[in-house]
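Just so it is clear, the structure is predicted and the values come from calculations on it, not from any experiment.
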Amino acid sequence: MRPHYRPRRSMLYVPSCVPRFLAKGRELQCDSLIFDLEDSVLPERKMEARKNILDALTGDDYGCRELVVRVNGFDTPWGAADLTAVARAGIDAVLLPKIQSRADVENALRVLDAAGGGDLPVMVLIETPLAVLHAEEIAGASERIAALVMGTSDLTNELHVRITADRIGLLASLSHCLLAARAHDLPIVDGIHLDIKDSENFERACRLGRDLGFDGKSLIHPFQIPYANDAFTPRPASVDMAQRVIAAMAEAKAAGNGVAVVDGRLIESLHLEAAKRTLMIHDMIQQCWGGT
């Protein structure tokens, strides 16, 4: 597993043009805060938003929350300056928008390196048809990539698909990007749900994303945090099973066997790996949040 791995059940976009939103993030039980300089900020407020982030990062501690900044694209007047400004700001990662190729990732990393951010991880937004088609190339562009994040709103618009509860118009793209992420041992986070009041379909989308194999959900409102956390937190029964699988395989190994049987099911090395991953996620959540 990549060294940048951590639970990302809930990744909340925070409009950085509003300082109180940045401060509110210190109280929210989300795994990651994405301080946004891009879509949620008007052009005339871009520089103000950038300053707000730098001011917030010199203030009170954000605890165990992962701090990410979504910068503007390189085809805008602000993209390169955003990267330079946050390169040594003490964040955990930069989220790169409008990435469509390996070259786009490499260009962004060169700017970060020149600004003194040579050790700073990046995340990549997959939000266009071309990015989906190039997902494997993008995922393999650098060991500094900490995660792929789906930009499903832009993708939905460019694909001309309808927004439906079963998300059928996006399933091919979601699955393709998931394959690309896993091929490079990368976490991948599902896109946002725009209808803030539609908690029923949001919960359904979280569970669909989980069942497809995603690691978490990106969010646009604090109301959505509990649903995402619940969907992507290992259940007690799963934790118990993982513990029993590990114990059974240890006994089998001691007896010179490569397989074991738990509850009538044959268990082998791949199940051991899955059990260890479940316990790792469980332990990380417990350490940070006490299981919330």
Side-chain angles (χ1 to χ4, degrees), residues 1-11 29-32 63-66 68 92-93 119 121-124 135-136 138-150 174-190 203 206-217 225-292:
M1 181 123 353
R2 289 282 181 105
H4 307 303
Y5 183 82
R6 58 189 295 166
R8 296 185 178 96
R9 302 167 297 169
S10 48
M11 298 188 73
Q29 291 188 332
C30 58
D31 292 331
S32 306
C64 61
R65 298 164 187 84
E66 181 181 40
V68 182
D92 296 298
D119 295 325
V122 297
M123 300 179 184
V124 180
E136 194 277 333
I138 292 169
S142 172
E143 288 294 319
R144 284 167 62 184
I145 297 177
L148 301 186
V149 181
M150 297 303 301
L174 294 173
S175 296
H176 179 76
C177 292
L178 180 70
L179 281 170
R182 298 305 187 222
H184 290 276
D185 195 26
L186 281 175
I188 181 167
V189 176
D190 195 5
E203 184 174 17
C206 287
R207 298 187 187 283
L208 174 61
R210 175 199 64 195
D211 293 346
L212 284 171
F214 283 84
D215 296 283
K217 186 84 170 159
I225 294 171
Y227 297 98
N229 284 349
D230 180 70
F232 291 96
T233 298
R235 293 289 186 266
S238 298
V239 174
D240 176 68
M241 174 58 78
Q243 291 169 336
R244 290 194 290 137
V245 165
I246 292 171
M249 287 297 289
E251 291 180 8
K253 182 179 180 180
N257 297 320
V259 298
V261 176
V262 177
D263 293 347
R265 291 183 58 196
L266 183 69
I267 302 299
E268 49 190 348
S269 59
L270 65 91
H271 301 105
L272 179 62
E273 292 174 10
K276 289 180 178 179
R277 184 170 61 249
T278 296
L279 287 188
M280 179 186 68
I281 295 169
H282 168 75
D283 290 346
M284 284 181 171
I285 294 170
Q286 288 283 340
Q287 183 177 5
C288 185
W289 301 109
T292 57

So how far is it from [X] [atom1] to [Y] [atom2], rounded to the nearest 0.5 Å?
X	Y	atom1	atom2	answer
Glu66	Arg8	CD	CZ	4.0 Å
Ser10	Asn229	OG	CG	3.5 Å
Lys276	Ile281	NZ	CD1	14.5 Å
Leu272	Arg277	CG	CZ	11.0 Å
Arg235	His282	CZ	NE2	13.0 Å
Lys217	Tyr227	NZ	OH	14.0 Å

Any heavy-atom pair between the side chains of [Y] and [X] that's under 4.5 Å?
X	Y	result
Leu148	Val189	no
Phe232	Pro7	no
Ile285	Pro234	yes

Margin query: Within the 3.5 Å criterion, strictly below it, is a donor on Glu136 or His176 matched to an acceptor on the partner's side chain?
Written below: no
Note to self: Working note: Val122 + Ser142, criterion side-chain contact (heavy atoms from CB on, under 4.5 Å); need CA distance, chi angles, decisive distance, verdict.
What the structure shows: CA-CA 9 Å; Val122 297; Ser142 172; 5.9 Å; no
Could you pull out the closest heavy-atom pair between [X] and [Y], with the gap in Å?
X	Y	result
Ala228	Arg9	CB-O, 3.6 Å
Ala139	Ala180	CB-O, 3.7 Å
Ala231	Cys206	CB-CB, 3.7 Å
Asp31	Trp289	OD1-NE1, 3.0 Å
Met123	Val68	CE-CG2, 3.8 Å
Ile145	Leu186	O-CD2, 3.1 Å

Check: Quick one: does Thr278's side chain have a donor or acceptor within less than 3.5 Å of a partner on Val239's backbone?
Finding: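 Pair absent, no side-chain N/O of Thr278 close to backbone of Val239.
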Next item on the list: Return the set of residues passing side-chain contact (heavy atoms from CB on, under 4.5 Å) with Lys253 (not counting sequence neighbours), or none when no residue passes.
Entry: none
Note to self: Leu208: which residues meet the side-chain contact (heavy atoms from CB on, under 4.5 Å) condition with it, sequence neighbours left out?
What the structure shows: Arg167, Leu171, Leu212
Using distance only, find each side-chain donor-acceptor pair of residues 260-271 under 3.5 Å and give its atom names and separation, not counting sequence neighbours.
residue: Asp263; atom: OD1; partner: Arg244; partner atom: NH1; Å: 3.0
residue: Asp263; atom: OD2; partner: Arg244; partner atom: NH1; Å: 3.3
residue: Asp263; atom: OD2; partner: Arg244; partner atom: NH2; Å: 2.8
residue: His271; atom: ND1; partner: Glu268; partner atom: N; Å: 3.1

Test of understanding: with side-chain hydrogen bond (donor to acceptor under 3.5 Å, both in side chains), list the residues that count as partners of [X], not counting sequence neighbours.
X	result
Asp119	none
Asp215	Arg182
Arg207	Glu203, Asp230

Note to self: Pair Asp185, Tyr5 - check side-chain contact (heavy atoms from CB on, under 4.5 Å), show working.
What the structure shows: CA-CA 10 Å; Asp185 195 26; Tyr5 183 82; over 6 Å; no
